[in-house]
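In what follows, every heavy atom counts, from backbone to side chain, and hydrogens, waters and symmetry copies are set aside. Positions are given from 1 along the sequence.
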Amino acid sequence: METSPVKDSIVAYFMPEKCYEEIVVNFHFHVPCVKLVLSKAAGFWIILDTLLAQVSQLFRILWRGSTDGLNLPSFMLQLYAFSCPVVYALANNFPFFAWAERLVTSAQSAVIVFVILHHRSQTLRGLLLLLSFGGGAFLLASYAAAAVISLIQASRLPALIASKVLQTLTNFQNGHTGELSTLSVILSWAGSISLVFVSIQDAGRSFTTLFHIISACLSSVLLVQVLTYQSVLASSNNKKRD
């Protein structure tokens with residue numbers, strides 16, 4: 001049977017050949033195949049969110065040279081939330097490749113917190129804060145009881161939700177999103193929606209799924225804020241030029 005590069009790519013990365021025949025060739029949306037494709041797509045967006053969302057925000061700050069509109073406690077909560085899986089993995093002696101991307105995300109978030117403080121003329125405070133945070137995380141991973149480590153891991157999602165609430169409220173109070181990266185918000189939104197799908201498949205009706213749903217709703221609010229406030233700002237700038 002003749003194959004095409006497009007088919008080869010789809011079969012290699014998104015679905016087995018049987019599902020390709022069902023969905024693409026026969027236009028039959030076989031439920032197990034659809035779930036498999038959605039799971040692959042969800043995994044793709046989760047990876048993009050993990051690797052690129054923080055980088056996009058950092059580049060935005062460095063490019064614009066400003067942290068206007070960014071809520072510092074929100075980003076500190078993000079740093080905590082992203083660091084929880086690292087502490088959990090270290091405490092349980094997981095292999096490095098299993099949590100390396102979490103370490104990278106935590107490092108990116110730490111740099112963002114430092115840059116925010118640096119732009120607010122609090123460079124020394126930023127250095128001391130990150131050194132204290134890193135030292136505390138290492139000590140917890142090395143010496144804390146298993147129950148404490150489990151509690152830290154369980155607090156990750158509530159911390160992330162609180163982070164989004166704070167930034168949402170800041171945007172509403174300011175009437176703009178400042179230097180909040182649109183790409184970062186989009187990736188976070190797509191990653192949150194994907195996590196809801198994965199959580200429903202894996203855990204069904206659970207508190208974890210509920211937390212993911214709340215997080216996705218807040219990500220949607222942030223996305224609406226970014227798109228709305230940016231369109232209003234662009235319209236205002238056009239009127240001033242006229």
Side-chain angles (χ1 to χ4, degrees), residues 9-20 22-24 29-57 74 77-92 94-109 149-165 167-168 181 183-224 226:
S9 298
I10 292 175
V11 170
Y13 298 106
F14 293 103
M15 66 182 76
E17 188 164 357
K18 178 181 178 180
C19 288
Y20 177 88
E22 287 283 350
I23 297 175
V24 179
F29 292 95
H30 190 231
V31 173
C33 287
V34 171
K35 285 185 177 180
L36 178 61
V37 172
L38 289 176
S39 295
K40 293 259 189 177
F44 173 75
W45 282 110
I46 291 170
I47 291 172
L48 282 182
D49 177 28
T50 302
L51 297 179
L52 298 180
Q54 297 300 303
V55 172
S56 172
Q57 182 59 67
S74 171
L77 282 169
Q78 275 191 23
L79 173 59
Y80 172 80
F82 295 148
S83 300
C84 288
V86 176
V87 172
Y88 186 81
L90 281 171
N92 289 280
F94 290 170
F96 179 70
F97 67 84
W99 53 274
E101 78 282 357
R102 297 295 181 181
L103 180 62
V104 171
T105 305
S106 298
Q108 293 167 353
S109 186
I149 297 298
S150 297
L151 182 62
I152 290 173
Q153 177 69 355
S155 68
R156 178 179 65 88
L157 284 175
L160 192 59
I161 288 170
S163 166
K164 294 179 181 181
V165 169
Q167 187 61 56
T168 300
S181 167
L183 178 58
S184 177
V185 172
I186 291 173
L187 289 172
S188 177
W189 171 78
S192 298
I193 297 296
S194 299
L195 283 169
V196 170
F197 175 79
V198 172
S199 181
I200 290 173
Q201 297 299 311
D202 294 342
R205 296 180 180 179
S206 66
F207 280 112
T208 300
T209 301
L210 177 62
F211 282 137
H212 281 306
I213 291 173
I214 295 172
S215 179
C217 290
L218 289 167
S219 292
S220 299
V221 173
L222 282 169
L223 180 60
V224 170
V226 166

Min side-chain heavy-atom separation [X]-[Y] under 4.5 Å:
X	Y	value
Leu90	Trp99	yes
Leu157	Phe207	no
Val226	Ile186	no

So, taking the atom named [atom1] in [X] and the one named [atom2] in [Y], what distance separates them when rounded to the nearest 0.5 Å?
X	Y	atom1	atom2	value
Ser192	Ile214	OG	CD1	12.0 Å
Ser109	Gln78	OG	CD	5.5 Å
Ser163	Leu218	OG	CG	9.5 Å
Leu183	Ser188	CG	OG	11.0 Å
Ile200	Leu195	CD1	CG	11.0 Å
Leu187	Ile47	CG	CD1	12.5 Å

### Query
Sub-3.5 Å donor-acceptor pair from the side chain of Ser215 to the main-chain atoms of Phe211, do we have one?
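Pair absent, no side-chain N/O of Ser215 close to backbone of Phe211.
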### Task
Please determine, by modelled atom types, if Ser206 and Thr209 share a side-chain donor-acceptor pair under 3.5 angstrom.
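Yes, because at least one side-chain N or O of Ser206 sits under 3.5 Å from a partner of the opposite role on Thr209.
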### Query
Any side-chain donor-acceptor pair under 3.5 Å between Ser155 and Tyr80?
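Yes.
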Could you pull out the closest heavy-atom pair between [X] and [Y], with the gap in Å?
X	Y	result
Gln167	Ser74	CB-OG, 3.7 Å
Ser194	Ile46	CB-CG1, 3.7 Å
His212	Val196	O-CG2, 3.4 Å
Gln108	Leu51	NE2-O, 3.7 Å
Ser56	Ser184	OG-N, 3.5 Å
Trp189	Ser219	CA-CB, 3.8 Å

#### Entry: Worked verdict on Phe82 versus Gln54 for side-chain contact (heavy atoms from CB on, under 4.5 Å)
CA-CA 11 Å; Phe82 295 148; Gln54 297 300 303; 3.4 Å; yes
#### Entry: From CA spacing to verdict: side-chain contact (heavy atoms from CB on, under 4.5 Å), Ile149, Asn92
CA-CA 9 Å; Ile149 297 298; Asn92 289 280; 4.3 Å; yes
